Amino acid sequence: MTYTDKSQNADAHTPSAFAIPAYIREILDRFDRAGYEAWCVGGCVRDALRGTSPHDWDLCTNALPEQTLALFSDKPCLTVGIRHGTVTVMWEKQPVEITTYRCEGAYIGHRTPSSVTFTPSLREDCLRRDFTVNAMAYHPSRGLSDFFGGADDLRARLLRCVGDARERFDEDALRMMRALRFSSVLDFDIEPETAAAIHAYAPLLNEISGERISSEFRRMLTGVRAAQLLCTYADVIAVFYPPLAGCSGQLRVLNDAFAICHTAETRLAAAFRLCGCTNADDVRMILHFLPLDRAFSDAVTALVRDAALPPPVTRTDMRHALSRTAYGYLPEQLQLHAALFPDDRDACDASLTLYRAVTESGDTVKLSQLAVNGRDLAACGFHGPAIGKTLHQLLCAVMDDRVANTADALLTYAKTLSTQRSDDSGE
Ligand code: ATP
Ligand code: MG
């Protein structure tokens, strides 16, 4: 293996080679044959060295974007990122991002480089990358190129900025959230200077787009270190979710809760409740400050609202619970309840078993499952709001096993309801 700079110190713990998919080798070979230099770079090198399989393979090259396009003129290429040096080659329907070595000008708004300049230097390209473990390049015959000690940090499970951490976060504040996300997902420590810079520069998060923060934050929440990070970086998270400042000092309870709650939705709902935020309207308002997709914030809000509801015990209770909540979400509610109310854990387990039984046997829990609909009721003389009200009464009767879910039984029962209503109104 060929090493450069600090990488020459890399010891035998670093695998000397790792498997690269055949199509990536073919692309690298094509660059080599044409006299260019190209490398696998970034997350794929990090993940392959960790022994996990990368979800995509990014390449970098000294070829200019137009030269890359010419080299792959026999393949469909996407050029949306070409101004930043990226050409996406569609190799047998597999998109591969190939980016010309580049360096970045001064940053605007703590997020965007004012200019991008192409460079013939791999080192310069790696210098602009965020963390040492993300700044390594690999080629099957030239080996690992590791200018900043990424392999050592990978072995030590450390996340360290390339260069001065404060400068790097001042340039691009999103990197702070990326640090928290990688630390949580990879189970890496954040190196002390990088950590100190995150605490110091956290207010800069106010200046960058909520979408970008929330996407990193959600990934952070599902990582193995989520509880530890919420606790240690409560001051940072509080920049966008102020009540979560209360996570500080709550490591044990957060850890216990997250051992049961695994999704981003349930973990965030648990964190809010553990910080004393139990009012769903407050939570909706807080979530509003950081754009999350609608389904996510609806789920978190509903989970916070319903977290204290007792777990359904009987089949009938379960049907009613399912008719009130969306399908698929009740198990998360039960997980959250178990996490927050340890005395109810056995009851939650039993309720989860009941949930599976009820959903697997397809019990009626929704209006659309009824054997009659509004048109059937209208044909029997119902009209106006009475139709909706009667349908709900029919659903309740079916869920309570008082009436069979057949058209005859339901229409007969509906007529008794309408008679009762006429009697009650004195008609
Ligand atoms: P994953 O794809 O698993 O999220 P990744 O490391 O591939 O991890 P990407 O966001 O796909 O992350 O970015 C690819 C590479 O680009 C990174 O490994 C890093 O070298 C560089 N990079 C991405 N975002 C930044 C940034 N904000 N600042 C500096 N370098 C970055
Ligand atoms: Mg990636």
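Fair warning: this is a prediction, and the values are worked out from it, not measured in the lab. We count ligands from 1, going down the list as the structure has it; atoms in each ligand are counted the same way.
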To which protein heavy atom is [atom] closest, and what is the distance rounded to 0.1 Å?
atom	answer
atom 20 (O) of ligand 1	Asn134 O, 2.9 Å
atom 14 (C) of ligand 1	Asp58 OD2, 4.0 Å
atom 7 (O) of ligand 1	Gly43 CA, 3.5 Å
atom 6 (O) of ligand 1	Arg46 NH1, 2.8 Å
atom 30 (N) of ligand 1	Asp130 N, 3.1 Å
atom 28 (N) of ligand 1	Arg175 NE, 2.7 Å

Taking atom 12 (O) of ligand 1 as the point of reference, which of Arg178, Glu97, Arg181 owns the nearest heavy atom? Arg178
Counting heavy atoms only, which of Met177, His55, Arg129 is nearest atom 16 (O) of ligand 1? Arg129
Under 4.0 Å to a heavy atom of [X] - the qualifying atoms of ligand 1, by number:
X	result
Gly42	18 (O)
Asp172	26 (C), 27 (N), 28 (N)
Arg128	29 (C), 30 (N)
Phe182	6 (O), 8 (O)

Is there at least one pair of N or O atoms, one from Arg168 and one from ligand 1, spaced under 3.5 Å apart? no
Looking only at distances, please establish whether an N/O atom of ligand 1 is found under 3.5 Å from an N/O atom of Cys44. no
Side-chain donor-acceptor contact under 3.5 Å, [X] with [Y]:
X	Y	answer
Thr61	Glu37	no
Asp317	Thr314	yes
Gln369	Thr364	no
Glu265	Tyr329	no
Arg50	Thr52	yes

Show the nearest heavy-atom pair for residues Cys261 and Arg267, with the distance to one decimal. O-NE, 2.7 Å
Strictly under 4.0 Å, does any heavy atom of Phe131 approach an atom of ligand 1? no
Between Phe148 and Phe131, does the ring centre distance come in under 6.0 Å? no
For ligand 1, note which part of Trp57 has a heavy atom under 4.0 Å away: side chain, backbone, both or neither. neither
Taking heavy atoms and a distance under 4.0 Å, where does Arg219 meet ligand 1: side chain, backbone, both or neither? side chain
Is there a salt bridge (Lys or Arg N to Asp or Glu O under 4.0 Å) between Arg25 and Asp32 once you walk through the steps? CA-CA 10 Å; Arg25 259 177 188 272; Asp32 289 348; over 6 Å; no
Electrostatic pair Arg225:Asp189 at N-O distance under 4.0 angstrom: yes
Return yes if some donor-acceptor pair links the side-chain N/O of Thr359 with the main-chain N/O of Tyr355 below 3.5 Å, else return no. yes
Would the distance check show the side chain of Asp344 and the main-chain N or O of Ala347 forming a donor-acceptor pair, the cut-off being under 3.5 Å? no
